[in-house]
Q: 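First the structure, then my questions, so here it is.
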Amino acid sequence: LPALRESIKKIVERLNVHNDKCTILGFAGMEGLKRFCEFTPVSELSSNFEKYIPKDLSTLRGTTDFDEGVKFAIKVCEDLEYEYDDDYPNMGNISMRWNEHNHIAIFMTDGKNYGRVPWDNSSRLADKGVTLHTVGLRQEIDRKVRDTLMKMATKGRGGFNFSRTSEEFHDKVQTLLELSLGAVTKPAKLSLNSAS
């Protein structure tokens with residue numbers, strides 16, 4: 001959990017402070033689902049990281065269930081798409097409309113899957129326009145966990161990485177993020193409004 005938290009911090013530091021938003025979710029089975037922050041501007045999250053992501057993440061209780069985690073992400077995406085609809089006002093020059101952003105989900109785990117296989121929900125997330133990347137962290141590579149994460153990424157139209165150490169984990173998350181951000185940049189949009 002400390003390695004996962006550190007990687008979340010590194011991801012936030014890598015994002016664009018002026019435009020990007022972050023939603024951070026925790027999952028540990030049906031009873032262990034938590035929304036740490038939702039569609040929060042990176043400027044707000046990076047300056048108040050401790051407020052959103054506590055040092056002790058062990059409050060997430062329950063058996064690791066990959067399918068529940070992805071299903072939770074879909075539910076949150078649906079909520080955000082509804083709340084930040086096409087009429088939602090901007091924050092200054094920053095767009096707060098869900099459909100004006102590209103969406104990337106990074107699914108990080110250090111556990112085995114004790115739930116149903118998440119193939120259908122990984123595909124459903126991708127169909128909602130969210131690219132799903134998976135990253136696993138385990139000292140001993142478990143073939144079943146690796147194969148599950150790999151198939152989730154394939155269904156989610158994203159990439160997959162597996163790490164044995166925290167350092168390797170951080171490096172792979174960084175690489176995945178750089179590739180993702182480079183691949184999904186939306187074309188610039190210029191609009192001119194006449195002043196009265």
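Counting from 1, the numbers follow the sequence of the chain as shown. The model shown is predicted, which means the values in this text are computed figures rather than measured ones.
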Q: Any heavy-atom pair between the side chains of Pro41 and Ile94 that's under 4.5 Å?
A: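 No, their side chains stay 4.5 Å or more apart.
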Q: Measure the OG1-CG distance between Thr154 and Leu132 for me, rounded to the nearest 0.5 Å.
A: 10.0 Å
Q: Looking only at heavy atoms, what is the nearest atom pair of Gly26 and Phe72, with distance?
A: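 For Gly26 and Phe72, the tightest heavy-atom pair comes out as O-CE2, 3.8 Å.
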Q: Go through the structure and list residues passing salt bridge (Lys or Arg N to Asp or Glu O under 4.0 Å) with Glu44, not counting sequence neighbours.
A: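 For Glu44 the salt bridge (Lys or Arg N to Asp or Glu O under 4.0 Å) partners, ignoring immediate neighbours, are Lys51.
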Q: With sequence neighbours left out, what residues match Glu78 under side chain to side chain donor-acceptor pair (under 3.5 Å)?
A: Lys128
Q: Taking the side chain from His133 and the backbone from Gly159, do they hold a donor-acceptor pair closer than 3.5 Å?
A: yes
Q: With a 4.5 Å cut-off on side-chain heavy atoms, are Leu25 and Thr23 touching?
A: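 Yes, at least one pair of side-chain atoms sits under 4.5 Å.
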Q: For Asn48, does the CG atom have more than 12 heavy-atom neighbours from other residues, nucleotides or ligands under 6.0 Å away?
A: yes
Q: Measuring from atom CD1 of Ile53 to atom NZ of Lys9, what distance do you get when rounded to the nearest 0.5 angstrom?
A: 11.0 Å
Q: Roughly how far, to the nearest 0.5 Å, is the CZ atom of Arg124 from the CD1 atom of Ile74?
A: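 The CD1 atom of Ile74 sits 4.0 Å away from the CZ atom of Arg124.
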Q: Which atoms form the tightest heavy-atom contact between Val70 and Ser122, and what is the distance?
A: CG1-N, 3.8 Å
Q: Is there side-chain contact between Ile8 and Met108, with heavy atoms separated by less than 4.5 Å?
A: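 A side-chain contact under 4.5 Å exists here.
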Q: Over 60° means perpendicular and under 30° means parallel, so tell me whether Phe39 and Tyr84 are parallel, tilted or perpendicular.
A: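 Rings of Phe39 and Tyr84: tilted, 30 to 60°.
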Q: So how far is it from Lys21 NZ to Leu45 CG, rounded to the nearest 0.5 Å?
A: 12.5 Å
Q: Sequence neighbours excluded, which residues qualify as side chain to side chain donor-acceptor pair (under 3.5 Å) partners of Lys10?
A: none
Q: List for me each residue that meets side chain to side chain donor-acceptor pair (under 3.5 Å) alongside Asp87, sequence neighbours excluded, and say none if there are none.
A: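 None.
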Q: Would you call Glu81 and Asn99 a side-chain contact if the rule is heavy atoms closer than 4.5 Å?
A: yes
Q: Give the minimum heavy-atom separation between Cys22 and Val12, together with the two atoms involved.
A: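 Here Cys22 and Val12 meet closest at SG-CG2, 4.2 Å.
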Q: Could you walk me through whether Arg14 and Ile11 satisfy the side chain to side chain contact (heavy atoms under 4.5 Å, CB included) test, starting with their C-alpha distance in whole Å, then the side-chain angles of each, then the deciding distance to 0.1 Å, before giving a yes or no?
A: CA-CA 5 Å; Arg14 174 70 179 77; Ile11 288 169; 5.7 Å; no
Q: Under the salt bridge (Lys or Arg N to Asp or Glu O under 4.0 Å) rule, what do Asp127 and Lys155 come out as? Steps first, then yes or no, please.
A: CA-CA 10 Å; Asp127 290 343; Lys155 297 275 186 186; over 6 Å; no
Q: Which atoms form the tightest heavy-atom contact between Leu125 and Cys77, and what is the distance?
A: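 Looks like CD1-SG, 4.2 Å.
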Q: Determine the minimum heavy-atom distance between Ala153 and Thr134, stating which atoms define it.
A: CB-OG1, 3.6 Å
Q: With the side chain counted from C-beta on, respond yes when Phe160 and Arg146 share a heavy-atom pair under 4.5 Å apart, and no when they do not.
A: yes
Q: Under 4.0 Å between a Lys/Arg side-chain N and an Asp/Glu carboxylate O for Arg143 and Asp147?
A: yes
Q: To the nearest 0.5 Å, what is the distance between CZ on Phe49 and CD1 on Ile24?
A: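 Going from CZ on Phe49 over to CD1 on Ile24, the span is 5.5 Å.
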Q: From Ser95 OG over to Asn90 CG, what is the distance, rounded to the nearest 0.5 angstrom?
A: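 Here the interatomic distance stands at 5.0 Å.
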Q: I'd like to check the side chain to side chain donor-acceptor pair (under 3.5 Å) partners of Ser7; sequence neighbours left out, ordered by chain and number.
A: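 With neighbours one apart ignored, the set is His170.
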Q: Val42 versus His18: any side-chain heavy-atom pair under 4.5 Å?
A: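 Sidechains of His18 and Val42: no contact.
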Q: Say whether, by atom type as modelled, one donor and one acceptor occur between the side chain of Asp85 and the main chain of Tyr88 under 3.5 angstrom.
A: yes
Q: Using distance only, find each side-chain donor-acceptor pair of residues 111-119 under 3.5 Å and give its atom names and separation, not counting sequence neighbours.
A:
| from | atom 1 | to | atom 2 | distance (Å) |
| --- | --- | --- | --- | --- |
| Lys112 | NZ | Asp142 | OD2 | 3.4 |
| Asn113 | OD1 | Phe66 | N | 2.9 |
| Asn113 | OD1 | Gly115 | N | 3.0 |
| Asn113 | ND2 | Arg116 | O | 3.4 |
| Arg116 | NH2 | Asp67 | OD2 | 3.0 |

Q: Just wondering, do Asp79 and Arg35 contact through their side chains at under 4.5 Å, heavy atoms?
A: yes
